[in-house]
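Presented below is the structure to which this report refers.
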Amino acid sequence: MDLYEHQAKELFARHGITVPPGRVAATAQEARLIATELKAPVVIKAQVKTGGRGKAGGVRLAPGPAAAENEARRILGMDIKGHTSHTVLVEKATGGFEEYYAAFLVDRANRTLLAMVSSEGGMDIEEVAATKPHALARIPIDALTGVDLDTARLLAASAGLPEDVHDAAAATLVRLWEVMVEEDALLVEVNPLACTSDRRVLALDGKVSLDDNASFRHDHAAFADGADDGGLEARARAKHLNYVKLEGQVGVIGNGAGLVMSTLDVVAYAGERFGGVRPANFLDIGGGASAQVMADGLEIILSDPDVRAVLVNVFGGITACDAVANGIVAALQTFGEEGPRCPIVVRLDGNNAELGHRILSDAGHPMVRVVTTMDGAAELVAELAAA
Amino acid sequence: MAIFLTKDSKVLVQGMTGAEGSRHTARMIAAGTDIVAGVTPGKGGQSVDFGERRVPVFGGVAEAMAETGADVSVVFVPPRFARGAVEEAVDAGIPLCVVITEGVPVHDTLRVWARAQAAGTTRIIGPNCPGLISPGQASAGIIPADITSAGPIGLVSKSGTLTYQLMYELRDIGFSTAVGIGGDPVIGTTHIDALQAFQDDPGTDAIVMIGEIGGDAEERAAAYIEKHVTKPVVAYVAGFTAPEGKTMGHAGAIVSGSSGTAQAKKEALEKVGVRVGKTPSETARLMREVMGSR
Ligand SMILES: Nc1ncnc2c1ncn2[C@@H]1O[C@H](COP(=O)(O)OP(=O)(O)OP(=O)(O)O)[C@@H](O)[C@H]1O
Ligand SMILES: [Mg+2]
């Protein structure tokens, strides 16, 4: 789960890292109020889970409450790389600082943790990394020993931070490391890590990504988007379905994330020959493929008004195809007399495939077409969706 | 021949007395696997009957190894206990530990991995993987045994069902070993480790590699293939139409230097002479061509 900047800063504060005072606002009036309370120039910051907000005009300085209200009005609702800013962070503007960069992350390739620190932080860190790699210190961290003050000082020194901030920076780095391990984060990034003229170090930005697999040992639920917006994804979540809404017209159900991803590709290729028909969703029903899960999946997919045909693509491994076919037949019964509102193409392959096909053809449902290959099924469903 | 797992492997199952563990132990036995022990803390001294076969349960891995000569462990314990279970297997020095458990926190995997590296005695496969199978010899995990046959193709994949799909499409040619390495950000055995083992295995003539979007494992595998793999490799990458994931921060991209898209992976593989199928069936077809032209 990715956190908003204000949530990341809340975690930082809990671990003793200095962040500017501030609060979140959902309206321009609220922003004005917060600016009034802070009695100082403020920065208004778009809250979206993506980087490059500053460059997109989503981070603006406001000298007083009136300006804060104006800037908030401008930023609220702003679209940044496909993310809408529904709230803004209003925080005290820090004056006169140097910008550093600090991050801890999982290094997949080397199967370890990695620290990256630079004295040249700010909005152009990618540029720095690309053109001056020596200016970005990258140091692997042993998962068993972690980061203590000595390691942190070494990090600060390797990054070329001025000597008189090593102590303050090291103390902050140790706390950021604590956020990383104690909160089960996959990424903790601070850019800029600011150093004021009186040598205080504070986090002006925060990007934190938490490991959902570790949720059983944390109280992070409050950070989850209260996204019960009645949308399809929220409804699917409530039914424990792994569903992602896409833009196309072909509903897709399959078992196993890899197979479903592959199905989306095959549908998109076939769709190219039928006026650009595309997959409408990702839906992985996992190994079991029981009648109930199948019925829930079909119900969600068919509630998407864009869907004009559905492809069920299941590989029968441990759950053999006859069991899957019985599940589909039972699921179709939940639609009653009328049946589903659009055609369903079923492709079953693997164990007991023939038996599965027989069960479906015996059921003789008028809306169901059985195709034996994945490519053939994609072709047919694309054609049906284009018709 | 095969890699990592053969008919001589003696397999113990951590979590064998649980529902998943016992269901899949029965399947592994049916696939010809020599299951010699179960391990469940506190249940030492019991035994479980699987048809003809009575499998003794031990309280710990070290004891089970000493009593039975087990050299492979398959882990079915729930996520919150997985780290402890795998650490126990590593500390006991078991040569191969296959972690099926889905949902293990990444920091746990990292600590287990660091420990296994320090010990230097245990290969870990997974977590969050379907395991591996050497058809006709043994199965360690949950890969269905009856969808394919023994033969000269080696397969390595992040995805379970795509593994099954390709194993099934190429069942007439058959497989030396199919390894599901799992899709977690941090895994014990990588594409590269499996490629290396297949290259060295006299029973493997050609290799299928299945990847999917995210990370840069496929790009690194491509670089490895260029330098070290002389056997033909056919690849498939899933996720061309997957929506671009939101990327947080800058750190990930700075580190991997790859966009992680299916297209980037395909290009990296094709650049080193690997033929990449657009669909699973086309991938199977490419493999048939490779095998036919030999
Ligand atoms: N509280 C603050 N006081 C003063 N300046 C600030 C404050 N917060 C942010 N800034 C300035 O605005 C710039 C951009 O802000 P920030 O880094 O939070 O957004 P961003 O554009 O999303 O960053 P990134 O590109 O790293 O994702 C910072 O580099 C900093 O110079
Ligand atoms: Mg920033």
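The structure presented is a predicted model; accordingly, all values stated were derived computationally and were not measured. Protein chains get the first letters and strands the later ones, always in sequence-line order, with residue 1 at the start of each.
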Non-hydrogen side-chain atoms of B:Val90 and B:Cys97 separated by less than 4.5 Å: no
Note: A:Asp124-A:Lys55 ion pair, threshold 4.0 Å (strictly below): yes
Options B:Arg220, B:Lys278, B:Glu169, ranked by heavy-atom pairs under 4.5 Å with chain A, top entry: B:Lys278
Chain A contact via B:Val106 - which portion, at a heavy-atom distance below 4.5 Å: both
Side chain to side chain, A:Leu105 and A:Glu189, heavy atoms closer than 4.5 Å: no
Residue B:Ala217 versus chain A: region with a heavy atom under 4.5 Å: neither
Interchain contact, A:Asp211 with chain B, by part (heavy-atom threshold 4.5 Å): side chain
Region of B:Arg80 that comes under 4.5 Å of a non-hydrogen atom in chain A: both
Side chain to side chain contact (heavy atoms under 4.5 Å, CB included) between A:Leu11 and A:Phe223, intermediate numbers included: CA-CA 10 Å; A:Leu11 269 189; A:Phe223 291 140; 4.0 Å; yes
Under 4.5 Å from any heavy atom of chain A - which part of B:Ile143: neither
B:Thr189 and B:Arg123: side chain donor to acceptor below 3.5 Å: yes
Pair A:Asp375 + B:Arg285, salt bridge at N-O below 4.0 Å: no
Top contributor to chain B interface from A:Ala109, A:Ala257, A:Ala130 [non-hydrogen pairs under 4.5 Å]: A:Ala109
Chain A contact via B:Glu212 - which portion, at a heavy-atom distance below 4.5 Å: side chain
Between B:Ala238, B:Pro185, B:Ala118, the one whose heavy-atom pairs under 4.5 Å with chain A are most numerous: B:Pro185
Residues A:Val244, A:Glu233; criterion side chain to side chain contact (heavy atoms under 4.5 Å, CB included); working and verdict: CA-CA 6 Å; A:Val244 181; A:Glu233 295 196 359; 3.9 Å; yes
Part of A:Ser262 lying under 4.5 Å from any heavy atom of chain B: both
CA sep, side-chain torsions, deciding dist, call: A:Asn242, A:Phe282, side chain to side chain contact (heavy atoms under 4.5 Å, CB included): CA-CA 8 Å; A:Asn242 186 1; A:Phe282 171 101; 4.0 Å; yes
Residue A:Asp265 versus chain B: region with a heavy atom under 4.5 Å: both
Heavy-atom pairs under 4.5 Å with chain A, option from B:Val186, B:Ile210, B:Ile147 with the top count: B:Ile147
salt_bridge(A:Arg138, A:Asp107) N-O dist < 4.0 Å: no
Spacing of OH belonging to B:Tyr168 relative to CG belonging to A:Asp349, to within rounding of 0.5 Å: 5.0 Å
Which portion of B:Arg171 sits near chain A, non-hydrogen atoms under 4.5 angstrom: neither
Option that, when pairs with chain B are counted at under 4.5 Å, heavy atom only, ranks first among A:Leu144, A:Thr373, A:Val266: A:Leu144
Closest-packed option against chain B by number of heavy-atom pairs under 4.5 Å, given A:Ala268, A:Ala214, A:Gly350, A:Ser215: A:Gly350
Toward chain B, the part of A:Tyr269 with a non-hydrogen atom under 4.5 Å: side chain
Contact class of A:Val181 relative to chain B, heavy atoms under 4.5 angstrom: both
Full working for side chain to side chain contact (heavy atoms under 4.5 Å, CB included) between B:Met209 and B:Leu269: CA-CA 10 Å; B:Met209 181 177 119; B:Leu269 286 161; 3.9 Å; yes
Atom group of B:Lys158 that falls short of 4.5 Å from chain A, counting heavy atoms: neither
Portion of A:Ala185 that has a non-hydrogen atom of chain B nearer than 4.5 angstrom: backbone
N-O pairing of B:Arg288 and B:Asp172 below 4.0 Å: yes
